[in-house]
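Structure record follows, encoded as structure tokens.
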Amino acid sequence: EVAQSCLMQAYALSGHIRKASKLFGEMPEKDVVSWTALLKTYAEAGILSRAREAFDSMPKRNIISWNCMLQAYTNTGHLCEAETLFYSMPAWDVVTWTCLIVAYTQNRNLSKALDAFQRMPLRDTVCWTAVMQAYAQQGYLREASAMFENMPVRGSVSWNGILVAYIENEEFDSANKIFTKMPFYDIVSSVSMLTAYAQCGHILESEKLFAGLIFKDLISWTAMISAYSTNGRVEESKSVFTKMPCWDIVTYSVMVQAYAHKRHILEAEQIFQTMPFQDVIARNTMVAAYAHCGHMIKARGLFDGMEDKN
RNA sequence: AGGUCUGAUGUUGGGCGA
């Protein structure tokens with residue numbers, strides 16, 4: 001049954017909700033890990049009711065199950081319910097506290113996030129990094145920087161977090177210092193810098209970073225398409241689009257946006273129509289593309305047909 | 001009896017809008 005449990009988790013991790021719940025129903029023996037994986041799948045899909053149902057049906061719960069349920073509430077914006085659950089939990093660990101800190105951060109409640117950080121008995125790199133992000137998100141760069149300097153151990157996420165914080169506050173000199181001081185290579189920070197350079201019009205630097213990537217993943221390919229588009233180089237965008245090994249919904253949307261930006265509405269439309277499926281953001285992009293190019297009737301038509309307007 | 005490693009949870013990068 002461990003094998004089935006693993007398969008279940010594979011479905012769960014890849015977001016195959018239907019397959020996961022089908023297999024789950026067919027499993028003769030369900031251990032706490034399978035139940036928790038199912039719970040997590042519903043939580044990530046934002047189906048709070050099913051998550052709660054799974055949580056209530058579990059014959060046994062451990063700290064991880066409780067943490068997943070806590071996340072189900074916080075990820076769907078139910079902070080009050082999350083707090084209630086938090087206080088009814090049999091135990092708290094460092095993950096529990098970090099979930100709470102992140103939830104407060106998402107609600108822009110820095111003081112409660114800091115309070116939780118003070119109250120937790122043990123602090124690891126992840127929660128230090130989360131609090132650093134809490135400061136950064138509120139624009140307290142100096143405090144974020146102090147957290148970065150003071151944390152006992154810095155992981156790659158900590159380095160990337162402070163790097164992006166500097167970039168978002170347009171402190172490019174500090175960002176550059178951090179980037180060159182990093183003790184290891186990391187694709188995430190490279191792509192962050194690539195995007196930052198593009199937004200400043202330094203496309204040559206973006207190209208250098210892209211060429212220097214040891215491994216190019218889907219996100220980095222897409223970031224390069226976007227970088228060219230930001231600098232008005234739609235032909236290069238298209239060339240990257242053609243060259244890359246695989247695409248996802250974001251890649252297509254970026255390419256639609258790139259064409260629309262240059263008012264190449266026919267090409268934009270063609271990319272849009274070749275998408276394997278379209279999410280709400282892709283349709284929003286296409287509506288904006290039509291509008292940008294003066295095709296108000298088509299924009300309106302697409303808009304009116306959308307079932308999932310946000 | 002004690003320890004280590006194996007399946008599930010928290011923090012960072014690409015798209016519209018905010």
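Chain naming here is simple, since letters A, B, ... match the order of the sequence lines and numbering starts at 1 in each.
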Tell me which nucleotide among [options] gets nearest to the side chain of [X].
X       : options                : answer
V164(A) : G14(B), C16(B), U12(B) : U12(B)
D31(A)  : G7(B), G13(B), G10(B)  : G7(B)
T251(A) : U9(B), G14(B), G13(B)  : G14(B)
V102(A) : G10(B), G15(B), G13(B) : G10(B)

Mark yes when over 12 heavy atoms from residues, nucleotides or ligands other than K216(A) sit less than 6.0 Å from its NZ; otherwise mark no. yes
What does [X] touch in the nucleic acid at a heavy-atom separation under 4.0 angstrom: a base, only the sugar-phosphate, or nothing?
X       : result
N75(A)  : nothing
A43(A)  : nothing
I249(A) : base
N62(A)  : base

Please report the distance, rounded to the nearest Å, between NZ in K216(A) and P in G13(B). 21 Å
Using side-chain heavy atoms (C-beta onward) and a distance below 4.5 Å, is F172(A) in contact with Y197(A)? no
Charged N-O contact under 4.0 Å between R283(A) and D308(A): yes
Side-chain donor or acceptor of D124(A) under 3.5 Å from a matching atom on the base of G10(B)? yes
hbond_proxy S192(A) side chain to G13(B) base (donor-acceptor, 3.5 Å cutoff): no
Determine: side-chain N/O of K309(A) to OP1/OP2 of C16(B), distance under 4.0 Å, yes or no. no
Classify the ring geometry of F86(A) against W92(A): parallel below 30°, tilted from 30° to 60°, perpendicular beyond 60°. parallel
